[in-house]
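First up is the structure itself, then whatever we jot down about it.
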Amino acid sequence: MRPVVYLLNGPNLNLLGKRQPEIYGHETLADVERDCRALATELGLELRFLQSNREYEIIDWVHEARESAKAIVINPAAFTHTSVAILDALNTFEGLVIEVHISNVHKREEFRHRSFVSLRADGVIAGLGTEGYQFGLRRLATLLASASGPKK
Ligand code: DHK
């Protein structure tokens, strides 16, 4: 069975491509989903690609992932900097967590420098554009393969 990976996107990322393209680029979320799905197939991962503007929905998806997923890639967007609740949810998840930011949050306003989610993340990617999601998936595939041992 292919390992399940949840890829979660937070608020306003549904507007990717239209929203401040000078910061977040011209690719839409549908473009990102298409590319991530193609890569996940290549890497042998089963992808659940989700986006919500509602904090509780992201928390519910993390709870869902507890039951079925080996890893979570999460761009919590603005919730990165505010949500103890998402951090608490991620702390109940036993698999790998990769945090992705499209922009380099450290080059931006000070309030974006702090991430609650980084207190749990196994890896953090920032400022590599929407390609960051793909780097995250590649890294997970490597880690999951080494965790499952050599193939018989
Ligand atoms: C996306 C957002 O919506 C912001 O609130 C974060 C993040 C940065 C990103 O770079 O993907 O501060």
Side-chain angles (χ1 to χ4, degrees), residues 1-20 23-25 27-37 39-41 43-106 108-144 147-148:
M1 241 177 49
R2 295 189 302 165
V4 174
V5 176
Y6 273 58
L7 197 161
L8 304 178
N9 286 286
N12 301 303
L13 290 169
N14 53 312
L15 295 180
L16 213 54
K18 296 179 202 141
R19 165 201 188 206
Q20 295 178 283
I23 295 176
Y24 298 105
E27 273 204 313
T28 65
L29 196 64
D31 295 332
V32 174
E33 178 170 2
R34 181 203 57 218
D35 293 347
C36 287
R37 283 199 182 285
L39 181 63
T41 303
L43 296 172
L45 303 173
E46 183 166 331
L47 192 67
R48 308 265 151 82
F49 191 101
L50 300 156
Q51 186 277 330
S52 181
N53 295 324
R54 299 171 189 85
E55 190 175 16
Y56 76 86
E57 212 156 25
I58 294 168
I59 293 164
D60 285 349
W61 288 331
V62 172
H63 293 176
E64 209 180 276
R66 277 164 50 82
E67 307 301 320
S68 58
K70 293 271 188 232
I72 296 174
V73 176
I74 183 165
N75 182 348
F79 292 148
T80 307
H81 320 296
T82 61
S83 183
V84 175
I86 291 177
L87 169 64
D88 284 351
L90 288 169
N91 277 332
T92 75
F93 178 72
E94 288 182 358
L96 294 160
V97 176
I98 305 276
E99 176 183 353
V100 173
H101 303 289
I102 297 166
S103 65
N104 180 359
V105 282
H106 302 290
R108 300 180 64 191
E109 302 96 321
E110 205 162 325
F111 66 84
R112 293 184 205 277
H113 298 178
R114 172 180 185 177
S115 165
F116 286 103
V117 170
S118 289
L119 293 168
R120 166 62 181 87
D122 298 295
V124 182
I125 295 168
L128 301 183
T130 52
E131 221 182 326
Y133 294 100
Q134 295 179 46
F135 291 127
L137 289 174
R138 284 191 191 280
R139 179 66 184 152
L140 282 179
T142 303
L143 292 171
L144 291 172
S148 67

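Numbers for residues simply follow the sequence, beginning at 1.
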Would you give the length of the straight line joining atom [atom1] of [X] to atom [atom2] of [Y], rounded to the nearest 0.5 angstrom?
| X | Y | atom1 | atom2 | result |
| --- | --- | --- | --- | --- |
| L8 | R48 | CG | CZ | 11.5 Å |
| D122 | L140 | CG | CG | 8.5 Å |
| E46 | Y6 | CD | OH | 9.5 Å |
| N91 | R120 | CG | CZ | 6.5 Å |
| L45 | K70 | CG | NZ | 12.0 Å |
| I59 | R54 | CD1 | CZ | 13.5 Å |

Give the minimum heavy-atom separation between [X] and [Y], together with the two atoms involved.
| X | Y | answer |
| --- | --- | --- |
| S115 | S118 | OG-N, 2.9 Å |
| T41 | R2 | CA-NH1, 4.1 Å |
| P11 | A77 | O-CB, 3.3 Å |
| H113 | H106 | NE2-O, 3.2 Å |
| L13 | Y133 | CD1-OH, 4.1 Å |
| V105 | A126 | CG2-CB, 4.3 Å |

Do [X] and [Y] touch side chain to side chain, with heavy atoms closer than 4.5 Å?
| X | Y | value |
| --- | --- | --- |
| L137 | L47 | yes |
| C36 | L7 | yes |
| F116 | P76 | no |
| I86 | I74 | yes |
| N9 | F49 | yes |

Practice item. Tell me, with the steps shown, if H101 and N75 meet side chain to side chain contact (heavy atoms under 4.5 Å, CB included). Key: CA-CA 6 Å; H101 303 289; N75 182 348; 3.8 Å; yes
**Study point:** Test side-chain contact (heavy atoms from CB on, under 4.5 Å) applied to Y24 - qualifying residues, sequence neighbours left out
**Key:** L16, R19, Q20, I102, S103, R108, R112
Review point. Which pairs with one or both residues in residues 76-87 pass side-chain hydrogen bond (donor to acceptor under 3.5 Å, both in side chains), sequence neighbours excluded?
Key: E55-S83
Does [X] reach the main-chain N or O of [Y] with its side chain, forming a donor-acceptor pair under 3.5 Å?
| X | Y | answer |
| --- | --- | --- |
| E27 | G17 | no |
| N14 | S52 | no |
| D88 | A85 | no |
| R139 | I98 | no |

Review point. More than 12 non-hydrogen atoms from neighbouring residues, nucleotides or ligands closer than 6.0 Å to CD on E110, yes or no?
Key: no
Practice item. Step through the shown structure and confirm whether more than 12 heavy atoms of other residues, nucleotides or ligands are within 6.0 Å of CZ on R114. Key: no
